[in-house]
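Structure, as structure tokens:
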Amino acid sequence: MSTLLTALAAAGPLAAGWSVHTVWLRRSLRSARRDPLTGLRTRDGFTRRANVLLKDPRAVVVLADVDHFKQINDTHGHAAGDALLKATADRLAHYVGRDGVAGRLGGDEFAAVVIDTHGTIADLLAVLHGVLARPADGMNPAVRTTVSLGWVRTADHPGEDLSGLLRRADEAMYTAKQAKAGVRRAGLGRFLATWSGRRAGRRGTALAGPRDAA
């Protein structure tokens, strides 16, 4: 019995240490899936959550790109550019809410997946476009720009994965940016991609392989 008690006593600190390590590891993984500047999910974290949401036929994929972002950095400095990105991320996250997901794909490009419960996504995105164009709180009012939005309904393209839907939203976003239209829905078929000349799989739109689909 004394041998057993001795063994258990010796194992106690080891088990406690492993428990602390497990908690630290989980926190590290969560941190790695959050963008340090904006607090949004990074590409990996966004992909995981988005693939769950895409199982709902009401899901809508949105791509957002800040217009003239380089000009903001060049004119007002990188701190101003960072503040603008943070404001954009906060407003997008507020719009998406807990039932959707928003992520920063890189640079000034953001993505979201929302569930269009009431079929009013077009109107809501038009409102969001106006909100995203407001100056960042506490910043020089001159530090402002618009954000071009492209979106696509998953129900319009059954069986298409997240990467394919993001490419379509990206093509629509680029068309909106070129036309200064603000918001554009992805067209059906390949016409839009051909007409806009958008390069499929450009920076930010192509996602990693099946390992991210968990």
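- Proximity of Val96 to Val62: side-chain heavy atoms (C-beta onward) are nowhere separated by under 4.5 Å.
- The environment of Asn140 atom CG is dense: over 12 non-hydrogen atoms of other residues, nucleotides or ligands sit within 6.0 angstrom.
- Residues that satisfy the salt bridge (Lys or Arg N to Asp or Glu O under 4.0 Å) test with Arg41, not counting sequence neighbours, are absent from this structure.
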Result block: side-chain N/O donor-acceptor pairs under 3.5 angstrom for residues 143-155, not counting sequence neighbours:
| unit_1 | atom_1 | unit_2 | atom_2 | d |
| --- | --- | --- | --- | --- |
| Arg144 | NH2 | Ala133 | O | 3.4 |
| Thr145 | OG1 | Asp67 | O | 2.6 |
| Thr146 | OG1 | Asp67 | OD2 | 2.5 |
| Ser148 | OG | Asp67 | OD1 | 2.8 |
| Ser148 | OG | Asp67 | OD2 | 3.2 |
| Arg153 | NH1 | Asp116 | OD2 | 2.8 |
| Arg153 | NH2 | Asp116 | OD2 | 3.1 |
| Thr154 | OG1 | Ala59 | O | 3.0 |

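- Between Phe46 and Asp35 there is no side-chain heavy-atom pair separated by less than 4.5 Å.
- Hydrophobic clustering of Ile, Leu, Val, Met, Phe, Trp and Tyr side chains at less than 4.5 Å, counting indirect connections, keeps Leu40 apart from Val131.
- Every residue two or more places apart in sequence or in another chain that forms a salt bridge (Lys or Arg N to Asp or Glu O under 4.0 Å) with Asp56 is listed here: Arg58.
- Taken from CZ in Arg49 to CG in Leu162, the straight-line distance is 13.0 Å, to the nearest 0.5 Å.
- Every residue two or more places apart in sequence or in another chain was checked for a salt bridge (Lys or Arg N to Asp or Glu O under 4.0 Å) with Asp161, and none qualifies.
- Within the model, atoms CZ of Arg168 and CE of Met173 stand 15.5 Å from one another, a figure rounded to the nearest 0.5 Å.
- Under the 3.5 Å distance criterion, the side-chain polar atoms of Arg104 are matched with a main-chain donor or acceptor of Gly107.
- In this structure, Tyr95 and Val127 have side chains that are not in contact, with every pair of non-hydrogen atoms separated by 4.5 Å or more.
- Using a 4.5 Å cut-off on side-chain heavy atoms (C-beta onward), Glu160 and Val61 make no contact.
- Note: Leu125 CG to Arg184 CZ = 13.5 Å, rounded to the nearest 0.5 Å.
- Side chain of Asn51 to main chain of Thr47: a donor-acceptor pair is present (N/O by atom type, distance under 3.5 Å, no hydrogens or angles).
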Review item, side-chain donor-acceptor pairs of residues 72-85, under 3.5 Å, at least two apart:
| unit_1 | atom_1 | unit_2 | atom_2 | d |
| --- | --- | --- | --- | --- |
| Asp74 | OD2 | Lys70 | NZ | 2.7 |
| Thr75 | OG1 | Gln71 | O | 2.8 |

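- Contact check for Asp108 versus Thr88: no side-chain heavy atoms found under the 4.5 Å cut-off.
- Under the side-chain contact (heavy atoms from CB on, under 4.5 Å) criterion, Ala87 pairs with Arg91, Ala136, not counting sequence neighbours.
- Between the side chains of Thr120 and Asp123, no donor-acceptor pair of N or O atoms lies under 3.5 Å.
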